[in-house]
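For reference, the structure is listed below as structure tokens.
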Amino acid sequence: MAKETKINLEENMIYIVSNQKLTPMNPPDGGFGETIIMWQNDNAVHATTKFTTRIGENRK
């Protein structure tokens with residue numbers, strides 16, 4: 001039997017579904033960065049989030 005859940009489509013978020021559980025991943029602090037998901041035996045087991053700090057704006 002399928003399980004269902006609701007998510008908020010108005011927020012920027014990554015969701016991981018693994019072992020019938022939904023795990024939300026917050027964006028990196030400051031808005032710049034990357035999230036790496038590690039898999040083992042077809043299941044997401046670890047997530048690493050790295051953030052980047054921007055120096056200056058619109059540099060030419």
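When all heavy atoms of S18 and A44 are compared, the closest pair comes out as OG-N, 3.1 Å. Nearest heavy atoms, M25 versus A47: CE-CB, 3.3 Å.
Residue T48 holds its OG1 atom at 3.0 Å from CE of M38, rounded to the nearest 0.5 Å. In this structure, H46 NE2 and I36 CD1 are separated by 13.0 Å, a value rounded to the nearest 0.5 Å.
Scanning for side chain to side chain donor-acceptor pair (under 3.5 Å) contacts around T23 gives an empty result, with sequence neighbours left out. Remark: T52 engages F32 in a side chain to side chain contact (heavy atoms under 4.5 Å, CB included) (not counting sequence neighbours).
Using a 4.5 Å heavy-atom threshold, the side chains of I16 and L22 count as separate.
Around the CG atom of N43, the shell of radius 6.0 Å holds more than 12 heavy atoms that belong to other residues, nucleotides or ligands.
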Output a table of donor-acceptor pairs, distance under 3.5 Å, between side-chain atoms of residues 8-15 and any protein atom two or more places apart or on a different chain; print 'none' if there are none.
residue: N8; atom: OD1; partner: E10; partner atom: N; Å: 2.8
residue: E11; atom: OE2; partner: Y15; partner atom: OH; Å: 3.3

